[in-house]
Structures are given as structure tokens and as C-alpha cells.
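So you know, we letter chains A, B, ... as the sequences are listed, proteins then strands, and number each from 1.
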Amino acid sequence: MRLYNTLTRTVDEFSPREPGQVGMYVCGPTVQDVPHLGHARAVIVPDVLRRYLEWTGLEVLHVRNVTDIEDKIIARAEAEGRMAAAVADHYGRVYDEQIARLGVLPPHIVPRATGHVLEMIELIERLIEVGSAYPAGGDVYFAVRSFPGYGKLSGRSVDDLRAGARVDPDERKRDPLDFALWKAAKPGEPSWRSPWGPGRPGWHIECSAMAVKYLGDGFDIHAGGLDLQFPHHENEIAQLEAASGRQFARWWVHNGLLNIGAEKMSKSVGNIITLAEAIDGHGADVLRLYYLQAHYRSPVEFSEERLVEAGTAYARWLAFLRAVGDIEPSAAGSEPDDARRRFVAAMDDDLSTPQALAVLFDLVSAGNAHLAAGRRAEAAALRGAFTELAAVLGFGLERSERPTSVAPLVELLLELREQARARRDFAAADAIRERLAAAGVVVEDTSEGARWHVGG
RNA sequence: GGCCGGGUAGCCAAGUGGUAAGGCAGAGGACUGCAAAUCCUUUAUCCGCGGGUUCGAUUCCCGCCCCGGCCUCCA
């Protein structure tokens, strides 16, 4: 497939380092608060990439870290009057719960920063050895100007950054652009022993250390939100490549951000919609459809109306699946294969999920047309292609549950309604349908009798 | 100020050097006791503005106008 690489600024033909095997590292959350809709996008995009790569026959080793020690966690702990570890543990659990609800495949490895302090210390020591880092007080800083490649990911030159000059001039830094690899602990702060005294790792060093520990130098894909491109990812590259002299990651994949009211959704802006409330309100599949209708690199503007529209479109999928039922598919026909071909072409083109979704919508339309014409086996064949491809995009397509406990009661009411209709007592028939609707049971009449399902 | 990305129908959103996917909404028709669902038809003479290259540009180049992101923690 062809995949955009931020490092080259072009869409390049993707080929893994080891034939058949892909190593993918995704920047995970800083567990300092509940996840919001922006986090969901950053997790769905790599999920779709992984599922597609696996569907094409590759084996993907998926690593997603957890930043469980960081300034903001410490601040939160102080505010809540408990230990930083307790804060991280709590929000880590919340994150896991909500992300699981999204139907995202769990990563194979979920390394935590606090479990890899030794690896980070070793990396920092190595950086000091090669002259790319220096201790100052109890801190250690990375010397940005010692790494000639600095800026290659984000397309900036060190002098451009200088001009921006919004970096805090700390007198312990030799250069204002230098960033902390190790931070000395203030009294009462959580700390680890190190050659430079008690302290904690800087934010960027954990990803360099953990990615390479689990995936090795020059692993295939490093993903994350566009807002991490600079400085986080730039610093990750600098740290690892300055220390090893070898390439860190081969492909950099950045998802576009979720904006709200023309500003990105962000904790610090204070305009977040929590993931939990969005899933409660719309369902995981609808959220996924909402995101995937835009290309992964484009910004998406949050809109409740758009989400409702996505829900309407999604309802058509479920209605089609209900209408086809469990009919056996017909032998063949070229339609399913044509759809698969179009789907592959779309996904191979830099993960063009909008075009891939168009294939799914076309399958539903064509399938419904078959049904309307009485070609049920052909419709079932399209259902097969549809469910297969929808699964590649990560859709769960949970068909409305029909609780067995109420099924006999509903069937009884529908029988009574049929009798009422037969004697043209439509008032009674409609009353039954309305009462069922009020109870959450939707009744639809078809040429083969009434059909019912739970939910809207 | 620097570095990126974008401006396509009522809304969202793909895409291509040869004349515009898909979704939502709208219109007409079919089916139906009604409703829902579904089917059929239909909805951008045009892709921010002005130049240029070309037989031909929405698609390439230049300029301009607007919008967003990053440059500070952030998915």
C-alpha cells in the first residue's frame, strides 16, 4: 500500500522492514484525566491501519505506551490529595475501559513509563557519552544543536525555532531549545534514583526508550496525533538517533486533530467532550463512521449534527443486515469481488477510508436493490462482502439484541395486531405498534409479515 | 514572524490534466390501510479570487484573500 510519511512529506509505497511483519508504535495517553473525543480519533486511526495491514496478510506487532509519570499527573495528584501513582492508575483504568468500548484491538504490548526508567537512564547516559546531553544541577538536558538532523520530521530549522523564541530561557540550559531528559525531583515529588540524583524522566525520552526496546531500531511505523509532531516526535528521533546513530522509525503517521468551534479539542483549551458521553449518546460504530468519513490526515470539526447524520447513515447498514437476515448467499457473481477490489484500491491509497466507506454504502444500496427485486441470494452475497469489509474498518455491527425473555410477548402482540389488521381494525393495530415503539420495539411491515427489532 | 495543511453542491466529504465518489438534507415517483424501511429518478455548467503553462486545469505554476494546526502541555 501507499502511505504518507511525515518524514518524507510524500505518499510512499509501504514495505515493512521484515517481510510479512510490521512493528507499529503509537503514542498513548498521559493518564491525568478522562479520555475525550480527540483521543478516540488518535486510537481509531492506527486501529484501522493495523486491521487493514493484518487483513492483507501482514503480522502487526502493536505497541502503545502509557505515560504514567509526568508533571500534570503530579499536579493532579496534588489537587486531589493523593499519590501520583494512584491518579495514573485511576485514569489509566478509565482510559482502558472507554477505549475498549470503541471496539479497538488491544495493543500487544502496553508499556508504562514508570516500568522503564532504567532503560531511559541508560539511554540518557549514552547520550551524555556521545556528547548530545549534559547534566545541569540535578537535571539532564538534550543539546539540540548537537544533533544535525534536528527538525527533519517537522520541517523546521533550529534557527526557525530560535526566531519563534517562545521557549522558556532556563539558565541551566546551554541553549533555550534544549529540552529535559531528566528532571530533578522537588521535595515530595515521586522520584527514581539516577546517576544525577533523584528525579524523574522527561516526557520525550520514554517513547524513544520503549519503542526501541520492544520494536528495535528502524521499526516500521510510529503513529500519533499531529499535535505531537513537534516537539514530541522530533525529540524522540533526536534522542534515539543521536544515541544509536541508526534510524529510529521508518514511517511517521500523524492523524489530523479533532477541532471544536474552530479550535482543537483539548484539555488545556477546556472544550472537551468526553469519550464516555459520546459513546453513550451515539454508539462506538457511529463514532467510528463519523471519523472515517474524513481522511485520517484532515482535521475534523466536531459537530453533534454530523454525529446524528452519521447515525442515520449507520442505521441503513443495520436495516440492510436485518432485511437480508440469514439467507444463504448465491454462488458467485462479480459484485462482491468488484467491491473488494475497489475497497483495496481505496485503502491502498494512503488509507482512504472515505472511499472505502463509499464501497460499503454502494454494497448496501445494491443489496437493497436486489432485495427489492426479490433476488435474496444475491443480496446475501453482498451482505457477505459488506460484513467482511466493515470488519476490516473495525465496525462491530452489533445487530439489535432481541431479548429472548420478551420475544414471545412481542410475537404474541404482533399476532394480535395481524388479526386486527385482517379485520381492518387499524386503530387497534396502530395502537399496538405505538405501544411497542414506546417500549423500544420497532415494528416494520414487510411483504413477508411484520419484522421487529429493539431500538431505533 | 517562521513552518505545515486546507478552501469542492444546502451541510459533511472524496477525487482527477480531458470534464466531479459517498453520506446527510431536499424534490418527484413506486410500494404501503397508515407508518417505517426500501427501490427508481432528481439536486455542483462547476471545484476561494486573479494571472500563467497546456489542445484542454477544479486538478500543475505564480500572486492574492480567507481558515486551521504547530512553534508552550496536548492524541
### Query
How close or far is atom P of B/rC24 from atom CD of A/Gln293, stated in whole angstroms?
9 Å
### Message
Can you tell whether the side chains of A/Asp96 and A/Arg93 come within less than 4.0 Å, N to carboxylate O?
### Response
no
### Query
Contact class for A/Thr30 (heavy atom, under 4.0 Å): base, sugar-phosphate, or nothing?
sugar-phosphate
### Message
With heavy-atom distances below 4.5 Å as the criterion, would you say the side chains of A/Val300 and A/Arg306 are in contact?
### Response
no
### Message
Using atom C1' in both nucleotides, what's the gap between B/rC65 and B/rG51 to the nearest angstrom?
### Response
15 Å
### Task
Ignoring hydrogens and angles, answer whether the base of B/rC73 and the side-chain atoms of A/Asp71 contain a donor-acceptor pair closer than 3.5 Å.
no
### Task
Using the C1' atom on both, measure B/rG50 against B/rA14 and round to a whole Å.
27 Å
### B/rC40 versus B/rC4 - spacing of their C1' atoms, nearest Å
47 Å
### Query
Who are the ring-ring contact (aromatic ring centres under 6.0 Å, His included) partners of A/Phe386, not counting sequence neighbours?
A/Trp317
### Query
Does A/His36 have any ring-ring contact (aromatic ring centres under 6.0 Å, His included) partners at least two apart in sequence or in another chain, and if so, which?
A/His39
### Query
B/rG33 base to A/Asp430 side chain: any donor-acceptor pair below 3.5 Å?
yes
### P gap between B/rU43 and B/rA20, integer Å
12 Å
### Task
Using only heavy-atom distances, decide whether a donor-acceptor pair under 3.5 angstrom links the side-chain of A/Arg421 to the base of B/rG33.
yes
### Query
Roughly how far apart, to the nearest Å, are B/rA75 and B/rG23 at atom C1'?
26 Å
### Result of checking A/Met120, A/Glu70, A/Glu189 against A/Arg200 for side-chain contact (heavy atoms from CB on, under 4.5 Å)
A/Glu189
### Task
Indicate, with a heavy-atom threshold strictly under 4.0 Å, whether A/Arg375 touches base, sugar-phosphate, or nothing.
nothing
### Rounded distance in Å between the P positions of B/rG26 and B/rA37
11 Å
### Query
Under 4.0 angstrom, heavy atoms only, what part of the nucleic acid is A/Phe230 near: base, sugar-phosphate, or nothing?
sugar-phosphate
### Message
Rounded to whole Å, please give me the gap between CG in A/Asn235 and P in B/rC70.
### Response
16 Å
### Task
Starting at CG of A/Leu382, measure out to CG of A/Leu363 and round the result to the nearest 0.5 Å.
5.5 Å
### Message
Can you check the distance between B/rA9 and B/rU58, where both ends of the measurement are the C1' atom (answer in whole Å)?
### Response
14 Å
### Query
Which part of the nucleic acid, if any, lies within contact of A/His232, taking any heavy atom under 4.0 Å across all strands shown: a base, the sugar-phosphate backbone alone, or nothing?
nothing
### Message
With nearest nucleotide decided by heavy atoms, which residue, A/Arg9 or A/Ser365, maps closer to the 5′ end of RNA chain B?
### Response
A/Arg9
### Query
Taking the side chain of A/Ala313 as its heavy atoms from C-beta onward, which of B/rG69, B/rC24, B/rC34 lies nearest to it?
B/rC24
### Query
Going by atom types alone, do A/Glu305 and A/Ser303 pair a side-chain donor with an acceptor below 3.5 Å?
yes
### Query
What parts of residues 36-49 of chain A reach RNA chain B, counting only heavy atoms under 4.0 Å away?
A/His36, A/Gly38, A/His39, A/Ala42
### Query
Touch check for A/Ala372, heavy atoms < 4.0 angstrom, all strands: base, sugar-phosphate only, or nothing?
sugar-phosphate
#### Entry: CA sep, side-chain torsions, deciding dist, call: A/Ser154, A/Arg156, side chain to side chain donor-acceptor pair (under 3.5 Å)
CA-CA 6 Å; A/Ser154 54; A/Arg156 297 152 207 260; 3.1 Å; yes
### Query
If you take atom types as modelled and just measure distance, does the side chain of A/Arg306 reach the base of B/rC24 with a donor-acceptor pair under 3.5 Å?
no
#### Entry: Touch class at under 4.0 angstrom, heavy-atom based, for A/Gly151 against every strand present
nothing
### Message
Considering every strand and a 4.0 Å limit on heavy-atom distances, what is the contact class for A/Asn368: base, sugar-phosphate, or nothing?
### Response
sugar-phosphate
#### Entry: Under 3.5 Å on both distances, the Watson-Crick or G-U partner of B/rU32
none
### Task
Provide the distance between the two C1' atoms, one in B/rG15 and one in B/rG2, to the nearest whole Å.
32 Å
### Message
What is the distance, to the nearest angstrom, from the CZ atom on A/Phe361 to the P atom on B/rA21?
### Response
17 Å
### Task
Using Watson-Crick or G-U wobble geometry with both distances below 3.5 Å, tell me the partner of B/rC70, or none.
B/rG2
### Message
So that I know where these two stand, are A/Tyr4 and A/His295 an aromatic pair - ring centroids less than 6.0 Å apart?
### Response
no
### Task
Check the distance between B/rA75's P and A/Tyr91's OH and give it to me in whole angstrom.
14 Å
### Task
Side chain of A/Thr312 only, please: which of B/rA35, B/rA21, B/rC24 is the nearest?
B/rC24
#### Entry: Sugar-phosphate only, base, or nothing, as touched by A/Ser298 at under 4.0 Å among non-hydrogen atoms
sugar-phosphate
### Task
Select base, sugar-phosphate, or nothing to describe what A/Arg297 touches, counting heavy atoms under 4.0 Å on all strands.
nothing
#### Entry: B/rC60 pairs with, by Watson-Crick or G-U criteria that keep both distances under 3.5 Å
B/rG52
